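Inspection log for the structure reproduced underneath, given as structure tokens.
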Amino acid sequence: MTAESQKNERYNAREAEPRWQKAWDAAGIYATKNEDPRPKYYVLEMFPYPSGRIHMGHVRNYTMGDVVARYQRAMGNNVLHPMGWDAFGMPAENAAIERKVHPKGWTYDNIAAMKKQLQSMGLSLDWAREIATCDPSYYKHQQRMFLDFLKAGLVAREYRKVNWDPVDQTVLANEQVIDGRGWRSGALVEQRDLYQWVFKISDYAEELLAAIDTLERWPDKVKLMQKNWIGRSEGLLIRFMLDARTTPGGETELEIFTTRPDTLFGAKFMAISPDHPLATTAAAKNPKLKDFIDECHRMGTSQADIDTAEKMGFDTGIRAAHPFDPSWQLPVYVANFILMDYGTGAIFGCPAHDQRDLDFVNKYGLGNTPVVCPPDVDPKSFVITDTAYDGDGKMINSRFLDGMTIDAAKEEVAKRLEAEKRGNRAVGQRQVNYRLRDWGISRQRYWGCPIPVIHCDKCGVVPVPVKDLPVVLPDDVTFDKPGNPLDRHPTWKNVKCPSCGGDARRETDTMDTFVDSSWYFARFTDPWNENAPTDPKMANAWMPVDQYIGGIEHAILHLLYSRFFTRAMKKTGHIGMDEPFAGLFTQGMVVHETYKKKDGTWAMPAEVKIEGAEGARKATLIATGEPVEIGSIEKMSKSKRNTIDPDDIMESYGADVARWFMLSDSPPERDVIWSEEGVQGASRFVQRLWRIVGEIADVKAPDARPAQFSDAALTVRKAAHRALANVSEDIGRLRFNRCVAHIYECANALNEAIASTDTAPAPDLAFALREAGDILVRLFHPMMPHLAEECWAVLGHRTMVATQDWPKLEPELLVENTITLPVQINGKKRADVTVGRGAGNAEIEAAVLALDAVNKALDGKRPKKVIVVPQRIVNVVV
RNA sequence: GCGGACGUGGCGGAAUGGUAGACGCAAGGGACUUAAAAUCCCUUGGGAGUAAUCCCGUCCGGGUUCGAGUCCCGGCGUCCGCACCA
């Protein structure tokens with residue numbers, strides 16, 4: 001064999017991959033029909049933001065989804081596997097500002113570039129269903145649903161406190177405020193009251209919480225995070241009487257929320273939020289209080305500010321009466337640690353059993369009285385100084401509650417205050433509170449879905465009539481000034497009122513982009529529908545998504561919003577179910593080591609040469625030879641420059657190698673370390689499979705199945721079917737790293753069988769090898785589809801492996817005629833025993849007791865006990 | 001502070017309470033080659049021994065069990081989520 005022909009025998013991914021992609025496309029095998037008698041299977045990966053280029057995280061995510069799609073297709077299902085673009089958002093506007101390009105052009109250019117990249121990965125996607133959320137044909141239906149939700153009472157317009165960036169002139173999300181400053185402008189963020197459109201997600205708090213337990217194929221971690229986010233807590237609303245002589249406007253009552261009514265006799269003060277109406281009216285008459293409230297507002301909202309903030313209060317002079325003792329007066333403070341938007345924005349303070357309250361009284365000298373005494377502590381000597389006690393115990397210093405458990409005391413207080421009426425209302429009322437807030441969707445941005453309402457001075461807020469949808473974003477906008485270009489677009493903004501025909505203005509806020517991604521999965525079921533967001537018949541047939549795959553970073557917002565949105569769509573007749581995602585899988589990140597140059601800047605992996613063995617690895621810059629420090633392994637990011645360009649990998653190794661490595665090294669839920677060695681290992685395996693399959697193809701096998709198989713042939717058949725059983729089990733559970741290991745084992749076994757045959761194999765072995773080769777190729781097809789097609793052709797098939805059924809398992813090949821059991825003596829392995837398949841426990845025990853190692857250990861004595869675990873192990877207790 | 005997850009060779013990781021380290025990477029040795037690359041074969045948790053074999057070993061300390069990486073209790077460490085939520 002010449003060197004040239006040897007070279008030609010290497011698998012050439014660069015040539016083969018585009019060829020098969022074209023062939024699949026021409027055959028239309030990934031286009032899914034809605035009418036199909038087979039069972040449906042909907043697999044979806046979180047759609048990307050079109051930033052311009054795909055990154056390794058996308059490669060990992062979409063590879064996993066593609067494995068599931070191809071496997072489910074082979075299992076005989078009608079598979080829906082679509083792709084689209086989460087195309088609205090700030091980066092497009094930033095590009096417009098920085099590079100003087102239009103957000104629309106920028107976005108569609110990016111989509112085109114990224115689509116090409118995704119296609120080069122060989123993903124089995126139905127591109128005919130492609131959608132982009134920035135397209136009027138998509139957001140038209142979103143506007144329609146906004147109007148439906150409005151009619152159904154699921155949308156409200158609220159006057160809300162928001163983070164306002166005075167330079168960028170927009171509302172910022174809490175995550176965009178860093179140390180009290182806007183993340184882009186660096187300007188001091190102001191608290192501002194603005195009208196905001198909100199979705200009433202809190203109406204569904206209880207339902208969203210309760211239904212979490214029905215999500216069987218969701219990770220526990222995500223379910224727990226959503227539970228905590230919804231944050232249910234049971235407590236008591238209590239109306240405290242105020243001394244009207246002390247209140248600014250003659251107010252007689254203050255309503256508070258507490259989860260600890262049992263500690264009512266430990267109360268030392270009341271506190272209200274700086275934003276509480278009572279604080280506002282009191283401040284109007286008291287300039288010093290106004291100064292204090294202003295100072296509270298200046299305080300940052302960032303985490304660091306909150307962590308270091310001191311508890312501060314201002315005594316308003318208002319006095320409240322204890323609900324169980326009118327003569328017991330409590331001072332009412334305005335305090336900086338009381339949030340207006342939780343509970344009623346007011347509390348009673350029990351310093352002995354709440355750390356914040358204790359810090360507060362210690363500063364203002366109000367003292368504390370313990371009312372819960374820990375078990376085994378003498379109540380007389382129980383004193384609280386710097387640390388509040390929030391554990392279990394018995395009630396003390398609490399009059400009629402003394403001696404009760406905390407739970408009993410809570411119940412007693414609730415019962416008494418519910419029974420006590422003031423006016424026609426009870427003094428106390430049990431209430432469930434949630435941490436979950438309504439979802440504010442107003443954004444003062446251009447590149448988003450316009451909110452379809454019109455403001456009329458006469459008629460107020462008027463919905464845009466459905467026939468006038470979509471409200472299309474105008475193209476002729478400029479970004480030379482800060483703020484929302486829609487606000488200064490005269491012909492778009494100024495319109496006639498649909499109700500009275502008078503002069504009116506369009507709403508210029510656009511929707512949060514999380515709205516766009518809260519229903520795209522339903523749109524994929526019928527993306528051609530011009531008349532409605534969905535055809536409920538098709539949506540109900542395809543939904544819920546059987547397997548959704550994406551990053552853990554969406555554990556709360558996107559996934560919770562989608563759960564809410566699906567319920568809202570159900571209420572408005574667009575879909576017939578509550579839960580959008582039956583199965584959820586959150587994949588880990590792609591990480592890479594970092595390289596730090598002498599000057600403190602980072603070098604990219606492509607710029608660095610690595611030498612030396614593990615433990616003594618050295619890195620130098622290829623260009624200059626300058627040594628660089630090998631740093632920690634971190635998430636691939638632009639700032640650390642430790643990114644690998646998927647295009648480079650596909651160019652030099654091919655898509656299949658990238659796909660295989662992504663699946664092979666780590667369990668899919670954990671981070672995977674991208675390494676050059678790992679990719680090379682994957683690349684070697686591709687060539688190895690190609691060689692093994694080539695050698696199998698060279699074997700001359702009979703067409704007819706032999707009546708008998710020799711031991712060598714049986715070994716081959718067993719290896720193939722064991723791999724088939726194992727891969728089938730693991731692929732269904734998304735344990736791709738184990739699938740990879742099973743395929744390696746199978747390939748190794750076939751390689752060994754070929755290597756140990758010097759002459760042409762006997763007909764039965766040849767038949768077994770061909771059969772095993774067919775199985776092997778179909779097993780790795782979901783992971784490496786191009787190589788699999790090429791191998792399938794080499795094995796003489798005229799069909800595409802992508803359209804083949806999953807191999808049929810012959811279960812009898814998994815059963816051995818004899819089994820070898822480990823033999824333990826006192827729990828330590830000392831020998832093996834081989835018995836027949838059907839051997840009973842008595843027979844096994846006799847065989848074990850005849851072993852030399854056992855007799856030596858027994859030394860003539862009788863064993864105390866012999867434990868035989870069928871199919872597993874034998875333990876002899878001496 | 002509250003909640004959760006995790007801790008196994010040089011590395012990524014396998015292991016329904018039942019032979020710890022599957023499979024891969026790295027490393028070492030060998031074959032082929034004038035040589036290198038590529039490929040193929042062998043070895044590889046630590047220790048003792050020519051060998052059969054034996055001892056130790058899954059973060060640390062206890063416990064349950066015939067048997068614990070796995071279950072329980074107490075530490076230590078790492079990572080993640082939430083957080084002035086009354």
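Being a predicted model, the structure only gives us computed values, none of them experimental. Proteins get letters first, then strands, A, B, ... in listed order; numbering begins at 1 in each.
Place A:Glu669 and A:Gln680 on RNA chain B by their nearest nucleotides, and A:Glu669 ends up nearer the 5' end.
Between A:Arg435 and the phosphate of B:A86, there is no side-chain N or O to OP1/OP2 separation shorter than 4.0 Å. One finds a side-chain N or O of A:Asn748 lying less than 4.0 angstrom from the OP1 or OP2 phosphate oxygen of B:G24. Proximity of A:Arg684 to the phosphate of B:A26: a side-chain N or O atom is located under 4.0 Å from OP1 or OP2.
For B:G28, the base adopts the anti conformation, since its glycosidic angle falls more than 90 degrees from zero.
For CG of A:Asp698, the number of neighbouring non-hydrogen atoms (other residues, nucleotides, ligands) closer than 6.0 Å is greater than 12.
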Taking only nitrogen or oxygen atoms into account, show me every contact under 3.5 Å that the protein makes with nucleotides 71-75 of chain B, one pair per line with its distance.
none

Would you list the protein and nucleotides 64-70 of chain B atom pairs, both N or O, that sit under 3.5 Å from each other?
| unit_1 | atom_1 | unit_2 | atom_2 | d |
| --- | --- | --- | --- | --- |
| B:C66 | O2' | A:Asn875 | ND2 | 3.2 |
| B:C66 | O2 | A:Asn875 | ND2 | 2.6 |

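Spacing between atom NE2 of A:His742 and atom C1' of B:G24 amounts to 13 Å, rounded to whole angstrom units. Atom P of nucleotide B:A83 and atom CG of A:Leu339 are separated by 11 Å, given to the nearest angstrom. With rounding to whole Å, A:Trp229 atom CH2 is found 18 Å from B:C80 atom P. Across the protein-nucleic acid pair, A:Tyr342 atom OH and B:A83 atom C1' stand 13 Å apart, rounded to whole Å. Between the CG atom of A:Leu224 and the P atom of B:C2 there is a distance of 15 Å, rounded to whole Å.
Both distances falling under 3.5 Å, in either a Watson-Crick or a G-U wobble arrangement, occur for no nucleotide opposite B:A36. Applying the Watson-Crick and G-U wobble criteria (two distances, each under 3.5 Å), B:A5 pairs with B:U78.
A donor N or O paired with an acceptor N or O is not found under 3.5 Å between the base of B:U19 and the side-chain atoms of A:Arg830. Scanning atom types as modelled, one donor and one acceptor separated by under 3.5 angstrom connect the side chain of A:Arg437 and the base of B:C85.
Using C1' as the reference atom, B:C56 and B:U8 are 16 Å apart when rounded to the nearest Å. Taking the C1' atoms as reference points, B:U58 lies 23 Å from B:A48, given to the whole Å.
Taking every side-chain heavy atom of A:Ile347 into account, B:A86 is the closest of B:A86, B:G24, B:C84.
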